[in-house]
K.L.:
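Below: one structure in structure tokens.
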Amino acid sequence: MKVFLVLVLAIASASAGLLPQLTPVHPRDMTSSPSINGRITNGKNAVADQFPYQVGLSFLSSSGSWWCGGSIIDNSYVLTAAHCTSGASSVTIYYGATVRTSPQFTQRVTSANFIQHANYVSRTLNNDISLIKTPSVSFSSSVNKIALPAIASSYSTYAGQVAVASGWGLTSDTSSSVARDLQYADLTVIANSVCQAAYGSQVVTSRVICVDGVNRTSICSGDSGGPLALDRTLIGVTSFGSIDGCEVGAPAGFSRVTSYLDWIKENSGVSA
């Protein structure tokens, strides 16, 4: 994913609530040539129309380009991560693709249509969420919205439940080329206290939802901003992981959608 914002895995006591001791790093800052460098490691190939809410996002700026994912939540809105929209001048949205380079159609949208959370903090990754306002699209079996959680779900931690993440990219830490097909993986939601032991409580706040990385299966660079879905409902927006790699078994973090339902409604009019 673009840029899947990654964190150095500096273990701090969960009770201490400290930030990781090293600065979080964007993968695009670690490479000399911007590229689509994402992956869902050890995932499975999606079939046509399996994830009609998934979009690919090709961002452009004066300093380069990067790839992210996003979720259709309305005919005129896509939800993604703030670290994806940050610094971009425009984005090309790929709708209805299973093969990454063969979407049903694309739209180009300028940054004037980005609604980035005003309190996004890149250092701690807090409030890593953005909306993209798009020209209205017609829904079909290939292109459709995903439901937002009900307000009543706001108190659910989802811990222990299995959700699905999706995105395009490399299929292992050693892969040298991006995946041709949309990938997905079933991931188990873990308690925030477990995730805080890895990343600290200033990063893993109540507005974050985490999944485990067992069996070397996880999201990674390029999946940024993409969906974490449970029962065809959007519960997370891909945000961060470990700089040590995507197959090391470290947790991965998502912006918790139930924490942003009011923000989404206020800025787009979209609600569950």
Side-chain angles (χ1 to χ4, degrees), residues 1-7 24 26-29 36 38 53-95 106-135 137 145-146 148-149 165-168 203 205 207-209 219 221-229 234-241 252-272:
M1 312 171 167
K2 152 182 161 187
V3 234
F4 171 82
L5 194 53
V6 296
L7 284 175
H26 289 283
R28 70 173 183 175
D29 296 332
I36 297 172
Y53 52 81
Q54 170 90 48
V55 295
L57 301 174
S58 180
F59 287 93
L60 185 65
S61 75
S62 59
S63 59
S65 61
W66 56 88
W67 181 267
C68 279
S71 303
I72 302 168
I73 61 167
D74 181 76
N75 297 84
S76 299
Y77 283 95
V78 165
L79 192 66
T80 189
H83 77 264
C84 290
T85 57
S86 181
S89 57
S90 67
V91 64
T92 299
I93 306 170
Y94 289 64
Y95 290 91
T106 63
Q107 291 181 342
R108 182 179 178 275
V109 175
T110 67
S111 59
N113 296 289
F114 299 168
I115 307 169
Q116 185 171 299
H117 199 290
N119 295 323
Y120 166 59
V121 181
S122 60
R123 187 172 66 92
T124 61
L125 317 187
N126 292 168
N127 302 308
D128 189 13
I129 194 165
S130 282
L131 286 159
I132 301 173
K133 183 171 173 52
T134 72
V137 299
K145 67 180 180 179
I146 186 170
L148 294 176
S166 50
W168 289 270
V203 170
T205 68
R207 293 188 161 207
V208 168
I209 185 170
I219 44 78
S221 303
D223 293 318
S224 289
L228 181 70
L234 185 65
I235 64 170
V237 175
T238 305
S239 181
F240 65 87
F254 301 74
S255 296
R256 185 182 291 269
V257 174
T258 52
S259 297
Y260 295 97
L261 294 174
D262 288 343
W263 179 85
I264 292 169
K265 184 175 182 180
E266 289 168 5
N267 287 279
S268 68
V270 180
S271 58

K.L.:
Would Ile72 and Ile146 count as a side chain to side chain contact (heavy atoms under 4.5 Å, CB included) if you check the C-alpha gap in whole Å, the side-chain angles of each, and the deciding distance to 0.1 Å?
P.N.:
CA-CA 6 Å; Ile72 302 168; Ile146 186 170; over 6 Å; no
K.L.:
Quick check: closest heavy atoms across Ser89 and Ser61, and the distance to 0.1 Å?
P.N.:
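Scanning both residues, the minimum pair turns out to be OG-CA, 3.7 Å.
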K.L.:
Quick check: do Val91 and Ile132 have side-chain heavy atoms less than 4.5 Å from each other?
P.N.:
yes
K.L.:
Output the distance between atom CG (Leu261) and atom CZ (Arg256), rounded to the nearest 0.5 Å.
P.N.:
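Between Leu261 CG and Arg256 CZ, I get 11.5 Å after rounding to 0.5 Å.
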K.L.:
Check whether any side-chain heavy atom of Tyr120 sits under 4.5 Å from a side-chain heavy atom of His83, and report yes or no.
P.N.:
yes
K.L.:
We want to know whether Arg207 and Asn126 form a side-chain donor-acceptor pair, criterion being a heavy-atom distance below 3.5 angstrom.
P.N.:
no
K.L.:
Would you say Pro227 and Tyr53 make side-chain contact, with heavy atoms under 4.5 Å?
P.N.:
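Yes, their side chains come closer than 4.5 Å.
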K.L.:
I want to check something: taking the side chain as every heavy atom from C-beta on, are Val203 and Phe240 in contact at a cut-off of under 4.5 Å?
P.N.:
yes
K.L.:
Under a 4.5 Å cut-off applied to non-hydrogen side-chain atoms, are Asn267 and Lys265 in contact?
P.N.:
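Result no, sub-4.5 Å side-chain heavy-atom pair not found.
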K.L.:
Could you check Leu148, Asp74, Ile115 and say which one makes a side-chain contact (heavy atoms from CB on, under 4.5 Å) with Ile264?
P.N.:
Leu148
K.L.:
Going through the checks in order, is the side chain to side chain contact (heavy atoms under 4.5 Å, CB included) test met by Gln54 and Ser71?
P.N.:
CA-CA 5 Å; Gln54 170 90 48; Ser71 303; over 6 Å; no
K.L.:
Is any side-chain heavy atom of Lys133 less than 4.5 Å from a side-chain heavy atom of Ser268?
P.N.:
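Of all side-chain heavy-atom pairs linking Ser268 with Lys133, none is under 4.5 Å.
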K.L.:
Where is the tightest heavy-atom contact between Ser255 and Ser239, given as atom of each residue plus distance?
P.N.:
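In terms of heavy atoms, the two residues are closest at N-CB, 4.1 Å.
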K.L.:
Do Thr92 and Ser58 have side-chain atoms, one donor and one acceptor, less than 3.5 Å apart?
P.N.:
no
K.L.:
Locate the shortest heavy-atom distance separating Pro149 from Ala272; write the atom from each residue and the value.
P.N.:
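Heavy atoms only, the tightest pair is O-CB, 3.2 Å.
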K.L.:
For side chain to side chain contact (heavy atoms under 4.5 Å, CB included), just list the numbers for Asp128 and Val237, CA-CA rounded to whole Å, side-chain angles, deciding distance to a tenth of an Å, and then say yes or no.
P.N.:
CA-CA 8 Å; Asp128 189 13; Val237 175; over 6 Å; no
K.L.:
Calculate, to the nearest 0.5 Å, the distance between atoms OG1 and CD1 belonging to Thr80 and Ile73 respectively.
P.N.:
11.0 Å
K.L.:
Compare every heavy atom of Thr134 with every heavy atom of Gln107, then report the nearest pair and how far apart it is.
P.N.:
OE1-CB, 3.4 Å
K.L.:
Got a second to check how far Asn127's CG is from Ser259's OG, nearest 0.5 Å?
P.N.:
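Asn127 atom CG to Ser259 atom OG measures 9.5 Å (nearest 0.5 Å).
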K.L.:
Measuring from Leu234:CG to Leu79:CG, what's the distance to the nearest 0.5 Å?
P.N.:
6.0 Å
K.L.:
I'd like to know if the side chain of Ser111 and the backbone of Phe114 have a donor-acceptor N/O pair within less than 3.5 Å.
P.N.:
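It does not hold such a pair.
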K.L.:
Determine, step by step, whether Val78 and Leu131 satisfy the side chain to side chain contact (heavy atoms under 4.5 Å, CB included) criterion, reporting the C-alpha distance in whole Å, the side-chain angles of both residues, the deciding distance to 0.1 Å, and the verdict.
P.N.:
CA-CA 6 Å; Val78 165; Leu131 286 159; over 6 Å; no
K.L.:
Is there a side-chain contact between Val55 and Tyr94, using heavy atoms and a 4.5 Å cut-off?
P.N.:
no
K.L.:
Strictly under 6.0 Å, is that where the ring centroids of His117 and Tyr260 end up?
P.N.:
yes
K.L.:
Taking all non-hydrogen atoms of both residues into account, name the closest pair between Thr85 and Gln116 and its distance.
P.N.:
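Closest approach of Thr85 to Gln116: OG1-OE1, 2.8 Å.
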K.L.:
Would a 4.5 Å heavy-atom cut-off, applied to side chains only, mark Thr238 and Leu228 as touching?
P.N.:
no
K.L.:
Leu60 and Ser65: which non-hydrogen atoms are nearest, and at how many Å?
P.N.:
CD1-CB, 4.2 Å
K.L.:
Parallel, tilted or perpendicular: which one describes the rings of Trp66 and Phe59, with boundaries at 30° and 60°?
P.N.:
parallel
